[in-house]
Amino acid sequence: MINKERTCCFTGHRKIPFSELDCINQNLEATLIRLIENGITDFCAGGALGFDTLAAKQVLNLKEKYPHIQLILILPCISQSNSWNNEDKAVYEDIKSKSDKIIYTSEHYFRGCMQVRNRALVDNSSVAVCYLSESTGGTAYTVKYAEKKGLTVINLAQ
């Protein structure tokens with residue numbers, strides 16, 4: 001069972017400008033440390049390429065200093081990475097092997113399964129850390145849903 005009050009989820013774009021990567025990573029680390037120091041212990045990522053992967057890797061790095069925190073993957077389907085290149089698949093499998101818990105919102109892919117995953121991320125959290133720089137798409141939808149549900153939203157793209 002996920003304790004919503006102690007849980008933060010991530011949502012963000014799959015493509016992050018390379019020139020912004022270091023800055024985003026530094027802001028992400030500082031934000032996560034601040035959240036941990038304020039009682040957040042569980043971090044939920046959706047397993048997508050881009051920001052989700054960056055966030056999951058950052059949580060795993062911080063587990064060395066904060067062993068009580070958990071990485072929970074809420075994934076849309078078992079076949080999520082089937083069409084990815086080998087390098088991305090290897091990173092995904094490594095993150096999965098180091099995560100504390102994996103939840104699949106569906107066994108099989110179906111149209112809309114990503115949206116179901118995104119809602120599950122938000123529904124189980126009190127904070128959402130995002131990288132949102134576009135007003136349309138899955139990340140924008142998820143952030144709007146998080147705001148509607150009353151989550152504290154921290155946008156690292158601002």
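More than 12 non-hydrogen atoms from other residues, nucleotides or ligands lie less than 6.0 angstrom from NZ of Lys63.
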Pair Ile74, Thr105 - check side-chain contact (heavy atoms from CB on, under 4.5 Å), show working.
CA-CA 7 Å; Ile74 299 181; Thr105 56; 3.7 Å; yes
Set out, in order, the CA-CA distance, both residues' side-chain angles and the distance that settles side-chain contact (heavy atoms from CB on, under 4.5 Å) for His68 and Ile36, then state yes or no.
CA-CA 10 Å; His68 67 288; Ile36 293 164; 4.0 Å; yes
Before you tell me yes or no, could you show the steps for Phe51 and Leu28 under side-chain contact (heavy atoms from CB on, under 4.5 Å), namely the whole-Å CA-CA distance, both residues' side-chain angles and the distance that decides it to 0.1 Å?
CA-CA 10 Å; Phe51 186 72; Leu28 179 59; 4.2 Å; yes
Applying side-chain contact (heavy atoms from CB on, under 4.5 Å), run through Phe43 and Thr7 and close with a yes or a no.
CA-CA 6 Å; Phe43 295 89; Thr7 303; over 6 Å; no
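One distance of note links CD1 of Ile2 with SG of Cys44; it measures 4.5 Å at 0.5 Å rounding. Considering CG of Leu156 and SG of Cys130, their distance stands at 7.0 Å, rounded to 0.5 Å. Put simply, OG on Ser83 and NZ on Lys89 are 7.5 Å apart, with the number rounded to the nearest 0.5 Å. From Leu32, atom CG reaches atom CD1 of Ile69 across 7.5 Å, with rounding to the nearest 0.5 Å.
Across all their heavy atoms, Gly50 and Ile16 have their closest contact at C-CD1, 4.0 Å. Nearest heavy-atom pair across Ser79 and Tyr109 is OG-CB, 4.0 Å. Closest approach of Cys8 and Leu35 over heavy atoms only: SG-CD1, 4.0 Å. Summarising the geometry of Arg14 relative to Ala48, their closest heavy-atom pair is NH2-CB, 3.9 Å, with the distance given to 0.1 Å. Nearest heavy-atom pair, Gly46 versus Arg117, reported as atom, atom and distance to 0.1 Å: O-NH1, 2.8 Å. For Phe10 against Ala45, the heavy-atom pair with the smallest separation is CD1-CB, 4.0 Å.
Legend: side chain to side chain donor-acceptor pair (under 3.5 Å) pairs involving residues 24-35, not counting sequence neighbours, sorted by first then second residue: Asn25-Gln58. Sorted by first then second residue, the side chain to side chain donor-acceptor pair (under 3.5 Å) pairs that include residues 37-49, not counting sequence neighbours, are Arg6-Thr41, Asp42-Gln70.
Following chains of ILVMFWY side-chain contacts shorter than 4.5 Å, one can reach Leu54 starting from Ile154, so the two form part of one hydrophobic cluster. Following chains of ILVMFWY side-chain contacts shorter than 4.5 Å, one cannot reach Leu121 starting from Leu75, and the two form parts of different hydrophobic clusters. Under a hydrophobic clustering in which Ile, Leu, Val, Met, Phe, Trp and Tyr are joined whenever their side-chain heavy atoms come within less than 4.5 Å, directly or via other members, Val127 and Leu132 fall into different clusters.
Side-chain polar atoms of Tyr131 and Glu20 form a donor-acceptor pair below 3.5 angstrom.
In this structure, the side chains of Lys96 and Ile102 come closer than 4.5 Å at one or more pairs of heavy atoms.
Judged purely by atom type and a 3.5 angstrom limit, His13 has no side-chain atom pairing as donor or acceptor with the backbone of Thr139.
Legend: residues meeting side chain to side chain contact (heavy atoms under 4.5 Å, CB included) with Lys149, ordered by chain and number and at least two apart, are Val122, Asp123, Tyr145, Leu151.
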